[in-house]
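Okay, structure first, notes after.
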Amino acid sequence: MQFPLVSRSGRIRKLVTERRDSGTSRVELLNLPGGAESFELAAKFCYGVNFEITSLNVANLCCVSDYLEMTEEYAKDNLGSRAETYLDTIVCKSLEMCVDVLQQCENLLPLADELKIVSRCTDAIASKACAEQIASSFSRLEYSSSGRLQMNKQVKCEGDWWIEDLSALRIDLYQGVLAAMKCRGVRPESVGASLQNYAQKVLTKKASLWNASNQQKADLVVNLIEQEQRLVVETLVSLLPVEKLAIPISFLFGLLRTAVMLDCTISCRLDLERRIGSQLEIATLDDILIPSFRHNAETLFDVDTIHRILVNFSQQEDSEDDVEDTSAYESDSPCSPSQTALLKVAKLVDSYLAEVAADVNLKLTKFMVIAETLPAHTRTTHDGLYRAVDIFLKAHQGLSDLERKKISKLIDFQKLSQEAGAHAAQNERLPLQSIVQVLYFEQVRLRNSLSCSYMDTEHKPMHQSWRISSGALSAAMSPRDNYASLRRENRELKLELSRLRMRLNDLEKDHVCMKKDMQKSSSRKILNSFSWKISKFSFFTRSTSRGSSSPSRYSPKTDSNVVGRT
């Protein structure tokens, strides 16, 4: 019975020859690829028994024929050439068949890789997916009303049907297929959809413990499942497209939660945090509420991870601002994409702080560092931040006065709405200094509204009303109005006194000139007359400076009398 095998298999021929010389008739085939099933197919081929070569056995036939050396050297049209021909002409033309062959290769490695069975199937899948995607893209082309050729995004793309098939592959083979697809130019959205489908199929797998005989075996099964899932997560993260928005941010957060729970590598988690930070403005509150999976965690939520994501977001915004033209995107412009993103993230952070603030184990430093991560100008209103601070103060009633002052400094009470300001004015949890600030700004708001309404009715000049401009308050709106008014009147009086001194200096100069003129005339009568007039004039000026608040009104009269007398 061994002669048909000897005639077609070089390995068996060598083994039989060696055993014949040693006097033994038993031949051992160690590490036979595919096991007994593959050898049975090879034996059927040698003995002329008909069987069908399919995508489910062609990988085994290729490997076993290589192991048994069933090549054209020992027999024409041997098993090796038959399997290779079927693989190249039939299997590589069909994406589904390639997937079936790759599944069979899982138990045939590394020989299947050495025979390039894996690489040929991988390249065939990538080429087929890329070709079908291009064909589907052409089917979505249409002419617009202006006559231009454009893509109809409303029509569903049918070129990604292979996504479900690839989810059956093992992670190492799936990684090779996705890498080949990315090199061939498959759309990032399709790659992302495939990654999501694969993660949903594999990462939701739970350990089957029904046949575990003891707790030690059950723990071993759980550890094996965790190791497999950890490898899957780290591989999927390495395959994520670099294009922004190619992957839904909810999926990225799901991967991050799983990576934290499975204790994946630091590089894996940092990569996810960086990707999430680049598109944090589209995240929701449910996305960023990441529980603390560690047993020794102090807080209910993983605030450290969220802080790192916020830092990545801030750094990404800073880099974009450096690259963008400042004339096109001003920092104060509400139309700037970066400014819009900052405003959205600021609201998201305030909502997040309000959720985590109720945790009694949350430290004040961690709360404040998250609140201070974003720049101050990102919050147009501080209602959300005030709500979070109030919840924190309510949950942490053991804070000292200094700590309550620190956390209250986060709030700009001038940016509170009327409702929030009314609540803060009666909030006993706030420090007294903060309550005074709230009352101060509420009074400012009231005076400002009254001033605006008065100006609208009286049409008075703009300079007669003191308003808030660029966050600065005018003196007239201070709660110490009387003191400010006295200071203003004092300045006016000083100005009038300086004017009076200047006028007196001028009169004294005139007096000196008159004396010199009288001395030159040598007339005693004229001198006495002028002395009497000067003394009278000096008395008038002294009485005026003491009795009148506006001496300048009497200056013209004094000048006329002097001129008349002279």
Side-chain angles (χ1 to χ4, degrees), residues 55 58-59 62 84-106 108-110 112-142 149-153 155-202 231-248 251-252 255 268 271-272 275 278:
S55 60
V58 67
C62 289
E84 289 288 336
T85 302
Y86 183 85
L87 181 66
D88 293 335
T89 59
I90 304 299
V91 173
C92 289
K93 303 297 181 181
S94 172
L95 191 148
E96 299 96 325
M97 287 186 175
C98 288
V99 173
D100 293 337
V101 172
L102 287 178
Q103 286 184 276
Q104 298 302 315
C105 290
E106 293 177 358
L108 299 173
L109 296 174
D113 202 6
E114 295 174 0
L115 297 176
K116 296 183 178 181
I117 300 175
V118 174
S119 61
R120 280 182 287 178
C121 292
T122 298
D123 292 339
I125 292 175
S127 300
K128 192 70 175 176
C130 186
E132 292 188 3
Q133 192 171 89
I134 293 174
S136 65
S137 299
F138 277 118
S139 65
R140 293 191 298 160
L141 289 176
E142 62 180 16
L149 197 61
Q150 63 181 9
M151 188 75 67
N152 187 358
K153 297 182 179 181
V155 178
K156 184 180 179 181
C157 180
E158 301 296 340
D160 298 341
W161 54 268
W162 44 265
I163 291 177
E164 187 66 28
D165 295 335
L166 295 185
S167 62
L169 295 176
R170 202 170 64 184
I171 185 60
D172 53 344
L173 298 174
Y174 176 80
Q175 181 182 12
V177 172
L178 261 290
M181 283 185 173
K182 293 172 70 175
C183 292
R184 291 297 181 96
V186 176
R187 286 194 303 265
E189 295 79 7
S190 301
V191 174
S194 178
L195 292 173
Q196 294 179 68
N197 185 76
Y198 191 90
Q200 185 178 5
K201 291 292 183 62
V202 177
L231 177 62
V232 169
V233 171
E234 293 173 357
T235 305
L236 292 180
V237 172
S238 66
L239 293 173
L240 291 174
V242 296
E243 290 79 6
K244 193 174 181 180
L245 303 179
I247 297 290
F251 175 65
L252 295 178
L255 282 179
C268 172
D271 188 13
L272 285 171
R275 292 177 181 272
S278 65

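For the single chain, residues carry numbers from 1 onward in sequence order. Source: prediction; values computed, not measured.
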Shortest non-hydrogen contact from [X] toward [Y]:
| X | Y | result |
| --- | --- | --- |
| A180 | T122 | CB-CG2, 3.7 Å |
| C98 | C92 | SG-CA, 3.8 Å |
| D88 | K93 | O-CE, 4.3 Å |
| Y174 | S194 | OH-OG, 2.8 Å |
| L240 | K182 | O-NZ, 3.7 Å |
| C62 | I117 | CB-CD1, 3.6 Å |

For V186, the option from P188, S190, C183 that meets side chain to side chain contact (heavy atoms under 4.5 Å, CB included):
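For V186, the side chain to side chain contact (heavy atoms under 4.5 Å, CB included) check succeeds only for S190.
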
Let me know which of I247, L178, I163 forms a side chain to side chain contact (heavy atoms under 4.5 Å, CB included) with V191.
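Of I247, L178, I163, side chain to side chain contact (heavy atoms under 4.5 Å, CB included) with V191 is met by L178 alone.
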
Going by distance alone, is a donor N or O of one side chain under 3.5 Å from an acceptor N or O of the other, for E132 and W162?
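No, no side-chain donor-acceptor pair sits under 3.5 Å.
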
Is a donor on one side and an acceptor on the other found under 3.5 Å between the side chain of R275 and the backbone of P241?
yes

Between the main-chain N or O of K116 and the side-chain N or O of R120, is there a donor-acceptor pair closer than 3.5 Å?
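Between the backbone of K116 and the side chain of R120 there is a qualifying donor-acceptor contact (under 3.5 Å).
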
Just do the side-chain contact (heavy atoms from CB on, under 4.5 Å) check on S238 and Q175 with the steps written out, would you?
CA-CA 9 Å; S238 66; Q175 181 182 12; 4.3 Å; yes

Can you tell if the side chain of [X] reaches within under 4.5 Å of the side chain of [Y], non-hydrogen atoms only?
| X | Y | answer |
| --- | --- | --- |
| L255 | C268 | no |
| V177 | V99 | no |
| L102 | R170 | no |
| L166 | I125 | yes |
| L109 | D172 | yes |
| I171 | Y198 | yes |
| P248 | Q196 | yes |
| V202 | L236 | no |

In terms of side-chain geometry, is the basic nitrogen of E243 or R187 positioned less than 4.0 Å from the acidic oxygen of its partner?
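Answer for the salt bridge query: no.
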
How far apart are the C-alpha atoms of D123 and R184, what are their side-chain angles, what is the distance that settles it, and do they pass the side-chain contact (heavy atoms from CB on, under 4.5 Å) test?
CA-CA 9 Å; D123 292 339; R184 291 297 181 96; 4.1 Å; yes

When rounded to the nearest 0.5 Å, the distance separating CD of E234 from CG of L239 is 12.0 Å

First locate atom CG of L173, then atom CD of Q103, and finally report the distance between them rounded to the nearest 0.5 Å.
9.5 Å

